[in-house]
A.B. asks: 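Following this message is one structure expressed as structure tokens.
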Amino acid sequence: MRAVSAFISILLLWLIAGSASYAVLDAHQGFAYQDSTLFSRAVEETRRTIDAEILKPIDVPVPQDAGGGYTHEQHKRNYKSIYDAGRLYAVTGEEKYADYAKRLLFAYADLYPTLGEHPKKKEQTPGRLFWQSLNESVWLVVSIQGYDAIKSALSTEERERIETGVLRPVAYFLSEGAPETFNKIHNHGTWATAAVGMTGYVLDDASLVEKALYGLDLSGQGGFMRQLDELFSPTGYYSEGPYYQRYALMPFVLFAAAIEANQPERKIFEHRDGILKKAIYSTIQLSYGDFFFPINDALKDKGLNTMELMHASSIAFDLTGDKSLLPIAGKQSALPLTEAGLKVALAMEAGAADPFDYKSMLHMDGTAGRDGALAVLRTGTGDDHQALVIKNTAQGMGHGHFDKLGWLYYDAGHEVILDYGAARFLNVEAKNGGHYLPENRSWAKQTVAHNTLVVDETSHFGGKTNIGEQYQPEQLLFLAGGQVQLSAAHMEGAYEDVSFTRLMATITDDALDFPIVLDVLKTSAGNAHQYDLPLHYSGHLTNTSIELESNSSGLRPLGDKNGYQHLWLKARGPIGDAPASVTWIKDKRFYTYTTLAPEGSELLFTQLGANDPNFNLRPENAVITRTTSASGAVFASVLEPHGIYNPALEFTLNSRSQIAGLKRVSENGADLVLVETVQGKTWAAAISWNADPDAEHSIQLAGQTVRWHGFADIRELNSDHFGGGNDE
């Protein structure tokens, strides 16, 4: 009844409004864009492009190609041209731009009714203009804005031809014609509801808007509002990860802007405590060096200069006036030709920009924020700062990878500890037609492709998404700011017999060149298992502390399935009683990974590329710590950035690690991990593995009692906090 009442209310609003014209975005003509050099430049750049297109024959081909093929790319160029020509008409009032957009839309009005299912339909819901209906949704989201901008320049007959020939048919196809996508709580559903809802506003059709907002049956079980409620956590994190958060942000923000313009009484940007504003800020925070953290099915070259952030940052600045958003808008290759874009340009030219504050943050996952989290620990400032990214999130639906409690690390502008991201060449037809490559499933999603625990050479949840969706990590502890920052999480259900807990921390000490990363992982099991702990690193190996047996004249894969079949085993060596270390160089900095593993462990040195006949995989390197244990095991390691390598001036400083020792003391189920520096300092991580914050714990160390409360504490060993004098 609530949905029906809502529909009746909105229908009454439409009847009261009569023949009023609703605008998706402000489309009035001829605002004073000349007041801004930046905006004028954007107008002229767009003008040059569209003026060149106007001279060409209209090209609206019959669809025949998959993503990346000619017809696919031409339809993409066309919807951009419809939008750009419409915005040029709105800004300049020059009729040639309205006429060009009209001619393109006329061609689509003639073509669309003749189309059936796309001949190269994708495995998801197929489209007509494109291989999947998702692209059709994007076409309508973009094209409806162009049509809205020129509608006032068209006759009644011209509007009728466009609306009945293509706009309404596409809206119907995306809604009633594809209910399984339209009602889906997923980025494909977001694009579809945004397309239909924005079309409803432009065509003054209340029923389209209501279906877009509340689902086809108006029950609220589907639709845009349900997506707002379920796809974002309370902190604005999107369940599929940063790459898809960026992609979904555009329909979310554009449809919300349309709702705000037409029905401000809905207060859409205040919904769920301003969840869309939080999502915009969260998207920016989920990046380093302008590129998004590449977790799940992510392509690594997507960053803050994308079209989605162009619109989101300008709309967010218009809403909030937050000057720290201006540097983000300034990263864009273009400005949107809207009044929000003009406001951004004027503010940037006035020198109003403040630096954006990239923070250490816990990005909670799940509708209620209880399905784990993405923990980001940042140290330092500016372009040279460090970022430790710890993936304690939920599965992330079909685009999720099997990498619970995995991590990435960035330093000096580089990704140093790697996540592979997606195995895909988007829109490169020669590479599997632009689809995900087979190696996306056989390698990129598998657990060994990530920096986390692998048990018995099998992936988490057996590599099954439907099982992974049932289990989430438990975020136990998060501490940000100060000399020590840390995150801890626990995982049950990834393996039938094995659970594991991981603490990761950054420690800043003036005696060290840069902050270090401490990693302690503990497994619990009822039976004996083989444990692998991969570390995928970027750089050129310089030295190791152990003797290696190298496979220099013949290579073989490390295994035969679950991703292991893609790893060449290049060398191996026993760890022994002392910690083992591996050092590599990346750009002008050295990195040493020091690891303390159970007795009988070894290091395996691998390179990606085995069983890859089509050269689809990047030849990346990894070092894997392997051990076999009758029950549980504890792995402790330190990643240390250090030194300088300057090939231009031919000097090297501090190429050797400044970590003198790594030790572990265990007592009553608790662990004390000691990190000793060459300067004589000792940092101690006291870990109870007990999440109760009030529980008291202690460990005896050389006649001294080390005491702490809660799950963990990390301090200098001789600080006032630790210790308590000698035992009596």
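All values derive from a computational prediction rather than experimental measurement.
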A.B. asks: Would you say K431 has more than 12 foreign heavy atoms packed within less than 6.0 Å of its NZ?
C.D. replies: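 Result for NZ/K431: enclosed.
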
A.B. asks: For K267, give me all partners under side-chain contact (heavy atoms from CB on, under 4.5 Å), at least two apart in sequence or on another chain.
C.D. replies: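 For K267 the side-chain contact (heavy atoms from CB on, under 4.5 Å) partners, ignoring immediate neighbours, are E270.
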
A.B. asks: Report the C-alpha distance between K300 and D419 in whole Å, list the side-chain angles of each, state the deciding distance to 0.1 Å, and finish with yes or no for salt bridge (Lys or Arg N to Asp or Glu O under 4.0 Å).
C.D. replies: CA-CA 9 Å; K300 290 193 168 190; D419 190 293; over 6 Å; no

A.B. asks: Can you tell me how far apart OG1 (T190) and CD1 (I185) are? Round to the nearest 0.5 Å.
C.D. replies: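 Spacing of OG1 (T190) from CD1 (I185) equals 7.5 Å.
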
A.B. asks: Mind checking the OH-CG spacing from Y100 to L88? Nearest 0.5 Å is all I need.
C.D. replies: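 Y100 atom OH to L88 atom CG measures 11.5 Å (nearest 0.5 Å).
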
A.B. asks: Under the ring-ring contact (aromatic ring centres under 6.0 Å, His included) rule, collect the residues that match up with Y247, sequence neighbours excluded.
C.D. replies: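 Y247: ring-ring contact (aromatic ring centres under 6.0 Å, His included) contacts with W191.
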
A.B. asks: Check F224 against A256 and note the closest heavy-atom contact, atom names and distance.
C.D. replies: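 Nearest pair, atom of F224 first, then A256: CZ-N, 4.3 Å.
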
A.B. asks: Identify whether NZ of Lys or CZ of Arg in R161 sits under 6.0 Å from the centre of the six-membered ring of F106 and within 45° of that ring's axis.
C.D. replies: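 Cation-pi check for R161 and F106: passes.
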
A.B. asks: Let me confirm one number: the CD-NE2 distance from E136 to H75, rounded to the nearest 0.5 Å.
C.D. replies: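 With rounding to 0.5 Å, CD (E136) is 9.0 Å from NE2 (H75).
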
A.B. asks: Would a 4.5 Å heavy-atom cut-off, applied to side chains only, mark E349 and S36 as touching?
C.D. replies: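 The answer is yes; the side chains approach within 4.5 Å.
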
A.B. asks: Would you please classify the geometry between the W443 ring and the Y420 ring as parallel, tilted or perpendicular, with 30° and 60° separating the classes?
C.D. replies: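 Rings of Y420 and W443: perpendicular, as their planes differ by over 60°.
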
A.B. asks: Using side chain to side chain contact (heavy atoms under 4.5 Å, CB included), reason through L286 and Y238 one step at a time and then give a plain yes or no.
C.D. replies: CA-CA 11 Å; L286 294 169; Y238 182 73; over 6 Å; no

A.B. asks: Check the pair K56, E53 against salt bridge (Lys or Arg N to Asp or Glu O under 4.0 Å), reporting the backbone distance first and the verdict last.
C.D. replies: CA-CA 5 Å; K56 302 175 184 177; E53 291 299 315; 3.1 Å; yes

A.B. asks: Under the rule for side chain to side chain donor-acceptor pair (under 3.5 Å), what residues qualify as partners of E260, not counting sequence neighbours?
C.D. replies: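 Testing E260 for side chain to side chain donor-acceptor pair (under 3.5 Å), a comparison that skips the adjacent residues, returns none.
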
A.B. asks: Measuring from atom CD1 of I50 to atom CG of L55, what distance do you get when rounded to the nearest 0.5 angstrom?
C.D. replies: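 CG of L55 is found 11.0 Å from CD1 of I50.
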
A.B. asks: How close do T338 and F39 get, heavy atom to heavy atom, and via which atoms?
C.D. replies: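 Scanning both residues completely, I find the closest heavy atoms to be O-CE1, 3.5 Å.
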
A.B. asks: Looking at NZ of K211 and CG of L213, how far apart are the two atoms once the value is rounded to the nearest 0.5 Å?
C.D. replies: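 Atom-to-atom, K211:NZ and L213:CG are 12.5 Å apart.
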
A.B. asks: Is it the case that over 12 heavy atoms from other parts of the model lie below 6.0 angstrom from the NZ atom of K80?
C.D. replies: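 Count not over threshold, so no.
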
A.B. asks: Relative to Y243, does R246 satisfy both conditions: NZ or CZ under 6.0 angstrom from the six-membered ring centre, and within 45 degrees of the ring's axis?
C.D. replies: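 Yes, a cation-pi geometry holds between R246 and Y243.
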
A.B. asks: If you define the side chain from C-beta out and look only at heavy atoms, does anything of N135 sit under 4.5 Å from Q132?
C.D. replies: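 Result yes, sub-4.5 Å side-chain heavy-atom pair found.
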
A.B. asks: Should the pair W131 and H72 be assigned to parallel (<30°), tilted (30 to 60°) or perpendicular (>60°) ring geometry?
C.D. replies: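 If you compare the ring of W131 with that of H72, the planes turn out perpendicular.
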
A.B. asks: Say whether, by atom type as modelled, one donor and one acceptor occur between the side chain of D84 and the main chain of T46 under 3.5 angstrom.
C.D. replies: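 The answer is no, because no donor-acceptor pair under 3.5 Å joins these two groups.
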
A.B. asks: Do the side-chain N and O atoms of T71 and Q64 include a donor-acceptor pair separated by under 3.5 angstrom?
C.D. replies: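 The answer is no; no qualifying pair exists.
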
A.B. asks: Which pair of heavy atoms, one from R272 and one from F232, lies closest together, and at what distance?
C.D. replies: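 That would be NH1-O, 2.9 Å.
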
A.B. asks: How close do G396 and E240 get, counting heavy atoms only, and between which atoms?
C.D. replies: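 Heavy atoms of G396 and E240 come nearest at O-CG, 3.8 Å.
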
A.B. asks: Other residues, nucleotides and ligands only: do more than 12 of their heavy atoms fall within 6.0 Å of CD on Q74?
C.D. replies: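 Counting neighbours around CD of Q74, more than 12 heavy atoms of other residues, nucleotides or ligands fall under 6.0 Å, so yes.
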
A.B. asks: What closest approach, in Å, do A107 and I58 show between heavy atoms, and which atom pair accounts for it?
C.D. replies: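 So the minimum-distance heavy-atom pair works out to CB-CG2, 3.9 Å.
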
A.B. asks: Please name the pair of heavy atoms, one in D297 and one in Y244, separated by the smallest distance, quoted to 0.1 Å.
C.D. replies: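 Smallest interatomic distance, heavy atoms only, reads O-CE1, 3.1 Å.
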
A.B. asks: May I ask you to test the R226-T193 pair for a side-chain heavy-atom distance under 4.5 Å?
C.D. replies: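 Result no, sub-4.5 Å side-chain heavy-atom pair not found.
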
A.B. asks: Looking at R618, I want to see if its CZ is surrounded by more than 12 non-hydrogen atoms of other residues, nucleotides or ligands under 6.0 Å.
C.D. replies: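 More than 12 within 6.0 Å, yes.
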
A.B. asks: Would you sort out whether F402 and Q395 count as a side chain to side chain contact (heavy atoms under 4.5 Å, CB included), showing the intermediate values?
C.D. replies: CA-CA 7 Å; F402 303 103; Q395 182 63 32; 3.4 Å; yes

